[in-house]
Every structure is written in structure tokens, then in C-alpha cells.
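Just below is one structure, and these are the notes that go with it.
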Protein chains: 2
Amino acid sequence: MATIKQVAKQANVSVATVSRVMNNNGYVSAEARAAVEQAIADLDYAPNRVARSLFTKTSGLIGLIMPDITNPFFPQLARAIEDVANQHGYQVVLCNTDEQLEKEQGYLVALQTMHVDGLIITTNHSDNPNYEKLDLPMVALDRIVKSGIDAVISDGYEGGRLAADTLITSGATRLVHIAGPEQLQTVKRRTEGFLDVAGDRLIGMTHSNFTFKEALTAAQTLFDTHWPFDGLFAANDVIAAAVLQEAVRRDVRVPEDLQVIGYDGIELGEMTSPPLTTIAQPIYEMGRLATERLLDLIEKRDVETKEMLLPVTLTERQTTRRKGQDR
Amino acid sequence: MATIKQVAKQANVSVATVSRVMNNNGYVSAEARAAVEQAIADLDYAPNRVARSLFTKTSGLIGLIMPDITNPFFPQLARAIEDVANQHGYQVVLCNTDEQLEKEQGYLVALQTMHVDGLIITTNHSDNPNYEKLDLPMVALDRIVKSGIDAVISDGYEGGRLAADTLITSGATRLVHIAGPEQLQTVKRRTEGFLDVAGDRLIGMTHSNFTFKEALTAAQTLFDTHWPFDGLFAANDVIAAAVLQEAVRRDVRVPEDLQVIGYDGIELGEMTSPPLTTIAQPIYEMGRLATERLLDLIEKRDVETKEMLLPVTLTERQTTRRKGQDR
DNA sequence: TTGTAAGCGTTATCAT
DNA sequence: ATGATAACGCTTACAA
């Protein structure tokens with residue numbers, strides 16, 4: 001790869017002039033500019049970002065810290081982030097932490113020493129003191145890290161309410177719920193909202209993490225101990241898919257005997273049989289917003305920290321009966 | 001962040017000495033080493049990778065170019081890659097190309113100017129001349145780029161054969177197939193293998209890309225034009241999921257009336273109802289191997305280019321009948 | 001065994 | 001309007 005020096009030589013100017021035309025600042029005559037541009041084209045020159053980075057202390061890199069890209073909720077988020085980052089000339093460094101503090105630490109120093117310009121984090125460890133002392137622009141996504149850090153999340157409480165409301169409106173009277181991991185604040189809200197409107201229609205409840213395997217176990221337990229019930233709200237779509245699978249195994253008809261609502265709105269929901277009714281978060285939008293916010297922070301366009309709460313919507317597919325439709 | 005100069009000062013030695021202890025080369029007395037280590041700890045010093053990168057021309061960064069992380073085949077691959085990269089002190093930069101040459105180009109120059117140490121590419125554009133003239137260590141994954149470039153792929157031809165064989169062995173006599181995008185070499189092989197053993201048992205066939213939506217359309221077409229058939233092989237698991245969904249819509253019982261086999265072995269296959277029998281690629285293993293190979297290339301441990309063809313296996317779940325089991 | 005200093009490719013200051 | 005040059009933080013000759 002050519003260097004700025006070679007370009008300067010080829011164009012018969014100094015490196016300063018080349019730098020000026022590249023960055024479009026300072027005076028440069030039309031001839032000089034033309035010569036430089038010619039040289040750049042001739043040599044197929046592109047500035048060395050490492051060198052530039054050393055001087056400017058900015059890298060054009062964004063660190064993306066998530067538990068596990070393999071969890072189907074995250075790819076869409078990652079995609080959104082990567083899209084807007086790319087549109088603004090940034091690249092993203094992918095980091096899977098498996099929620100392990102240790103890995104998180106490792107990445108944090110790695111990212112710091114490579115001078116990433118900012119961080120997007122979807123992690124549990126709100127107790128991790130390292131974030132606060134990090135002094136890097138960052139925004140939390142789908143999680144609340146700590147006051148003082150920007151966050152974009154969806155309205156889980158309303159989502160939970162909406163789920164209960166939908167189930168009840170379409171005739172369910174015996175409700176059950178599979179909640180998510182207890183330590184996830186944003187997930188807990190879904191449960192709270194659901195319970196608040198379910199009231200004493202709730203006849204059973206259990207917990208599961210977000211792996212399909214454990215969700216299947218939870219579903220089985222629920223069927224074993226609380227059947228019959230006619231409305232189920234799962235804390236996310238993966239759990240709902242497990243419920244669906246268990247239902248067919250038991251010859252429980254969905255939605256005739258049992259209505260099921262998931263949460264997230266990931267693509268998996270379209271692929272189950274029958275396709276899953278769900279409370280959809282605006283996932284892509286959340287990723288987009290978080291990244292735009294981060295870029296604002298990085299480029300110092302805004303300074304007051306804020307928390308963005310996005311509305312969720314009901315995506316009616318075929319695991320619920322249409323409102324007003326009889327069983 | 002502290003700099004090497006500050007460490008040197010604190011330890012009362014020169015920067016050269018600090019550098020020596022950090023990189024463990026050259027002579028350095030025990031006392032000097034101790035002093036430096038103390039200073040490093042005191043100042044919480046970590047070397048600036050950008051500066052180091054400028055000198056060494058290596059960045060510790062690997063570029064990962066894929067069509068779309070949102071396609072459920074890729075997250076597992078990405079995960080494997082990130083895992084082994086991380087284990088060796090490398091980070092990975094995620095790039096989604098949507099198979100668009102233009103985006104690919106953009107990333108290529110971005111990655112190049114930031115001096116990534118190597119590239120892992122899962123892309124179609126084998127015709128893209130830019131790869132060859134890139135002069136960067138790289139390995140193609142799940143795709144064949146061009147001779148001269150290392151590749152790791154799975155044995156699609158044998159996979160196709162295995163699918164047909166499985167279907168036939170468990171009693172299917174009227175076979176159909178939904179093939180993948182024509183331009184994907186590695187996917188085409190699956191079809192070739194399948195056709196070779198299906199022979200004249202094949203009564204119908206169509207194409208689809210890997211989006212669920214289009215797969216659903218393809219499945220509908222196939223049912224409309226060729227039903228009844230009793231064995232179906234889909235070019236990947238997403239297509240198979242679409243088939244499953246369409247089957248329940250039509251009250252076709254799986255596997256009693258129709259046996260279905262997918263390809264890939266992604267987690268989605270566990271979540272369908274019933275869970276999907278599939279030809280499983282060793283996805284994680286492929287990602288792992290590709291990355292290890294890339295690191296070998298980067299660190300010049302091996303030089304002859306090779307193509308690694310990994311075996312596939314049958315994952316029997318519940319969309320096929322067990323061999324020898326009657327219908 | 002240790003230190004001085006050149007150099008990696010930029011940007012920006014300061015003369016001119 | 002343009003060119004020298006110092007500086008960014010590191011590694012590695014080379015000298016001592």
C-alpha cells in the first residue's frame with residue numbers, strides 16, 4: 001500500500017498538502033489539488049488508519065459486547081448496529097461474553113487498548129464497576145447498566161400487560177406464565193406487567209433461562225403440574241417455541257385448547273408451526289437507535305444521558321384466536 | 001491510560017527496557033524487570049495497540065465477511081470464529097455484505113487500511129478479483145472462492161446422498177427436492193448428491209433462496225403441483241421449516257405421510273414441531289478450523305494452500321421414520 | 001545489561 | 001498557498 005509520502009512525491013508537493021486535500025481543510029490551490037488527486041488515483045492510495053488513529057486517538061471502531069450471538073435475539077440487533085455503524089464509516093468488533101465477568105473484563109481492556117471510539121453493551125453485569133470508570137462513550141441495549149449510562153430498551157411492562165390482555169380478550173381464563181432469568185431487569189418487567197393484569201386468573205408459573213433445552217423442561221413441568229390451562233405467556237419466543245413443541249407432543253391443540261404468546265418478535269416466530277403470536281420489540285429499531293445515540297455521544301453532539309423506552313406491539317399470528325373469535 | 005514513557009519514568013529505566021520486559025526479548029536484569037513490573041501494576045498500564053500496530057504492521061484484528069448475520073446459519077460460525085480468535089488474542093470485525101459486491105469492496109478497503117491480519121470470507125463472489133490481489137492471509141468458509149485460497153467446507157455431495165438414502169431406506173418412494181440458490185457451489189453439491197441416489201424416484205423439484213418467506217412459496221408450489229409425495233429433501237433447514245409449516249396447514253402428517261430432511265443442523269431444527277431430521281454440518285468445527293487455519297497462515301506456520309472437506313452426519317429427529325420402522 | 005534515537009504513517013502547528 | 005517538522009506510543013537497531 002502506498003503511503004502519503006509516496007503520494008506527495010508523485011504529486012510533487014509536500015505531505016502536508018496531501019493531508020490537506022484528503023481532509024479537506026486548509027488552503028490548497030486548484031492545481032495542487034488536482035495533482036494530488038491524480039497521484040492518489042494512480043497509486044491507489046488509501047490513508048493508513050492505524051497511523052491516523054495514533055495521532056487522532058480515534059479508531060472508527062465500535063465495540064459490541066453481547067452474551068452470545070448464537071442466541072437468536074442478538075443477530076438482528078448486531079445487524080442493525082453494524083448497518084448504521086457502517087453507514088457512518090465505523091466498523092464493529094464483535095465480543096461474546098457468555099455473561100462471564102472475566103471475559104467481559106478481558107474484552108474491555110482489549111477494546112480500550114485498541115482505542116475503540118465507543119461501546120454498545122447488552123450485558124447483565126450492571127454491578128460491573130469497570131463500565132463506570134471506563135470513560136468511553138457507551139450505550140446499554142436491552143439492558144439497564146447503571147444510572148449515568150444511556151440505555152435503549154423496550155417497554156416490557158406494557159408488553160406483559162398486552163400479552164395478558166390479548167389472552168383474556170380472546171377468551172382465556174386459566175393463565176400460566178414462564179418467566180425468564182430472574183436477574184434480568186428488563187425481562188422481569190414483562191412478568192410484572194403480565195401478572196398485574198392476569199390477577200387471579202393466573203393458575204401457575206415457572207422460570208426458565210433462554211435456552212431451548214431448559215425451556216422445554218420448564219414447559220413439561222408446567223404441563224405436568226398445572227394442566228389444563230388455556231392461555232400461556234412466555235418470557236421470550238424461544239421459550240414459546242418450546243411450549244409449542246411440547247403442546248403437539250401432548251396433542252394439545254394450539255390455539256383451540258391453548259393460546260400461546262411469546263415475546264421478542266424474532267424471526268423464529270414465523271417458522272414455528274403454527275406461527276407464533278408474540279409481543280414484538282422493535283429490535284432493529286432498537287439497535288439503530290442505540291448506535292445513532294452512540295455516534296452522537298462519540299461525536300459530542302449531545303451530552304445529557306437519557307434512557308429510551310420503546311413501545312412494543314402485538315404481532316398476531318396463529319397461536320392465539322382473533323379477538324372476538326369464538327373457540 | 002498510561003504510556004510506556006510514564007512507566008519508564010516510574011520504574012527509573014528507559015522505555016526500551018520497559019518494552020523488553022513487556023515483549024520478553026533482549027536482556028533485562030532481575031531488578032529492572034521487577035521495577036518495571038511494579039510500575040506497570042501501579043499505573044495499570046496496558047500497551048497501546050495502535051502504536052504497536054503502526055510499527056509491527058499487525059493489528060490483532062480479523063475481518064469476518066459474511067452475507068448476513070441474521071441468517072441463522074451464520075451466528076454459530078461467527079461464534080466459533082470469535083471464540084478461537086479470542087483465545088489467541090485476536091478480535092474480529094463483523095461485516096455484513098448482503099452478497100453485494102459494492103459493500104464487499106467497501107469493507108475490503110476499510111479492513112485493509114486498518115491493517116487486519118487476515119480475513120475469513122463466506123461469500124459468493126468468487127469472481128471478485130479483489131480477493132486475489134489482496135495479498136492478505138484469508139480462508140473461505142462454506143464457500144469456494146478461487147483456487148489458491150484455502151477453504152473449509154462440508155461434504156455436500158455426500159450429504160445429499162445421505163438424505164436420499166435415509167428417505168428411501170425408511171420407505172419413501174416418491175421423492176421431491178427444494179434446491180438452494182443456483183450460484184452457490186457448495187449448495188449445488190447437495191442437490192447433485194441427492195439426485196444421484198434418488199434416481200427416478202424423484203418426481204418433482206423446485207428452487208428457493210434461503211429466506212423463510214420465499215421458501216414458504218416454494219413449498220406451496222411443490223404441494224400444489226406435485227402432491228402426493230412422501231419424501232422431501234430441502235437444501236437447508238430454513239426451507240425445511242417452511243415445508244413443515246406448510247404441511248401442517250394442509251393437514252399432511254409428518255413423518256407419517258411425508259418425511260422431511262433438512263440440511264445444516266442449525267438450532268432452529270430442534271425448535272420446529274416436530275423437531276427436524278437433518279443432515280448436520282459440523283458448523284462450529286468448521287468455524288474453528290477455518291480460524292485456526294487462518295492463524296497458521298498469519299503466523300506463517302504453514303504455507304501450502306489446502307481445501308478441507310468435512311464430513312456431515314445424519315441427525316435423526318422426528319420428521320423421518322426410524323430405519324426399518326413401518327409407516 | 002541498558003539507553004539513545006530512528007522510524008512506522010499520519011495530522012497540525014508554525015513559518016514562509 | 002505551501003513546506004518543514006514535531007508529535008502520537010511503540011519497537012528495535014546500535015552504541016555504550
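Each chain gets a letter, A, B and so on, in the order its sequence line appears, and its residues count up from 1.
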Flag the pair B:E307 and B:R143 as a salt bridge only when some basic side-chain nitrogen lies within less than 4.0 angstrom of an acidic carboxylate oxygen. no
Strictly below 4.0 Å, N to O, side chains only: are B:D98 and A:R79 in salt-bridge contact? yes
Let me have a per-nucleotide readout for nucleotides 6-16 of chain D, 5' to 3', with B, S or -, counting only protein heavy atoms under 4.0 Å. -BBBSBBB---
Using a 3.5 Å cut-off and no angle test, enumerate the donor-acceptor pairs between side-chain atoms of residues 286-293 of chain B and protein atoms at least two apart in sequence or in another chain.
| from | atom 1 | to | atom 2 | distance (Å) |
| --- | --- | --- | --- | --- |
| B:R288 | NE | B:E285 | OE1 | 3.2 |
| B:R288 | NH1 | B:E292 | OE1 | 2.7 |
| B:R288 | NH1 | B:E292 | OE2 | 3.0 |
| B:R288 | NH2 | B:E285 | OE1 | 3.2 |
| B:R288 | NH2 | B:E285 | OE2 | 2.6 |
| B:T291 | OG1 | B:G287 | O | 2.7 |
| B:R293 | NE | B:D150 | OD2 | 2.6 |
| B:R293 | NH1 | B:D302 | OD2 | 3.1 |
| B:R293 | NH2 | B:D150 | OD2 | 2.8 |
| B:R293 | NH2 | B:E304 | O | 2.8 |

What I'd like to find out is whether the side chain of A:D83 reaches to under 4.5 Å of the side chain of A:Y284, using heavy atoms alone. yes
Using side-chain heavy atoms (C-beta onward) and a distance below 4.5 Å, is B:P47 in contact with B:M1? no
Using whole Å, report how far NE2 of A:H115 lies from P of C:dT10. 18 Å
